[in-house]
Structures are given as structure tokens and as C-alpha cells.
Amino acid sequence: QVQLVESGGGLVQAGGSLRLSCAAPGTGSSFSMYDIAWYRQAAGQQRDLVAGMSRGAITNYLDSVKGRFTISRDNAKNTLYLQMNSLKPEDTAVYYCNVRRFIENYWGQGTQVTVSS
């Protein structure tokens with residue numbers, strides 16, 4: 001059982017920035033072995049992959065966030081981050097962190113990001 005605890009969401013104006021954090025203390029010393037990702041789901045929409053990073057640090061991003069969002073990880077703190085800059089109203093969604101390895105697949109509780117115009 002691995003619990004992921006998200007934080008950092010909130011209300012910002014267009015053009016502003018937020019940094020989301022997701023702590024995975026239950027992964028212990030194995031955190032570096034997990035692939036990590038951030039997903040988002042806007043009201044009435046499907047859940048989309050926003051950013052992902054393999055355990056080998058290979059990253060991929062949703063086209064609409066490239067150049068604005070950055071996924072990162074701190075293996076010493078068992079934590080992943082999503083730095084979001086130049087936020088747009090269309091970024092408004094619930095953001096979920098994800099950590100997976102082999103048959104393991106864990107999700108955060110979600111954090112609301114609202115960007116006003």
C-alpha cells in the first residue's frame with residue numbers, strides 16, 4: 001500500500017505560476033525505480049497525461065503544455081513535482097500524480113488548479 005499526497009494547487013490568474021508536489025513516502029528507497037507522471041482532468045472531460053518521466057529521466061509532455069510545464073523528481077525526498085508557468089484558463093483541471101512500477105500503479109488524491117482569465 002502506497003499513499004501519494006498531493007499539494008500546491010490553487011487559484012491563480014492567467015500568466016501566473018504554480019508548483020505541484022506529490023510525496024510518496026511509502027516507496028522507501030525504491031522511489032527511483034518508479035516511472036512518474038502527472039495527469040489532469042477538466043470538468044466533463046477525460047483524464048489526460050500532462051507530463052511523464054521514466055525512471056531513466058526520459059520525459060514527455062502534452063503538446064499544449066510544452067515549454068510551460070516541467071516535470072521533475074527528487075529521489076532523496078521521494079517526491080515528484082510539476083512546475084507550471086504561464087498558466088492559461090484552459091489549464092484549469094484537477095491534477096493527479098501517478099507512480100508506477102511493474103504491476104504497481106498508485107494515484108494521488110487530486111488537487112484543483114483554477115486559472116482565471
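Throughout, numbering of the chain's residues begins at 1 and tracks the sequence. Since this is a predicted model, take the numbers as computed values, not measurements.
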Taking the side chain from E6 and the backbone from G110, do they hold a donor-acceptor pair closer than 3.5 Å?
yes

Look at the side chain of N78 and the backbone N and O of G28, then say whether any donor-acceptor pair between them is shorter than 3.5 Å.
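Looks like yes, one N/O pair under 3.5 Å.
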
With V65, the side chain to side chain contact (heavy atoms under 4.5 Å, CB included) member among D48, V50, L82
V50

Within a radius of less than 6.0 Å around CD of Q109, do more than 12 heavy atoms belonging to other residues, nucleotides or ligands occur?
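Yes, because the 6.0 Å sphere around CD of Q109 holds more than 12 heavy atoms from other groups.
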
Any [X] side-chain heavy atom under 4.5 Å of [Y] side chain:
X: Q112; Y: T92; answer: yes
X: S64; Y: K88; answer: no
X: R40; Y: L62; answer: yes
X: D91; Y: R68; answer: yes

What residues, two or more places apart in sequence or in another chain, satisfy salt bridge (charged side-chain N to carboxylate O under 4.0 Å, His left out) together with R55?
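R55: no salt bridge (charged side-chain N to carboxylate O under 4.0 Å, His left out) contacts found.
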
Between the side chains of S54 and D35, is a donor N or O closer than 3.5 angstrom to an acceptor N or O?
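No.
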
Applying ring-ring contact (aromatic ring centres under 6.0 Å, His included) as the test, list every pair that has at least one member in residues 53-96; sequence neighbours left out.
none

Can you pull out every ring-ring contact (aromatic ring centres under 6.0 Å, His included) where at least one residue sits in residues 22-41? Sequence neighbours excluded, please.
Y39-W107

According to a 4.5 Å side-chain heavy-atom criterion applied to Ile, Leu, Val, Met, Phe, Trp and Tyr, with indirect links allowed, do V94 and L49 form part of one hydrophobic cluster?
yes

Can V99 and V2 be said to form a side-chain contact (heavy atoms from CB on, under 4.5 Å), step by step?
CA-CA 9 Å; V99 175; V2 174; over 6 Å; no

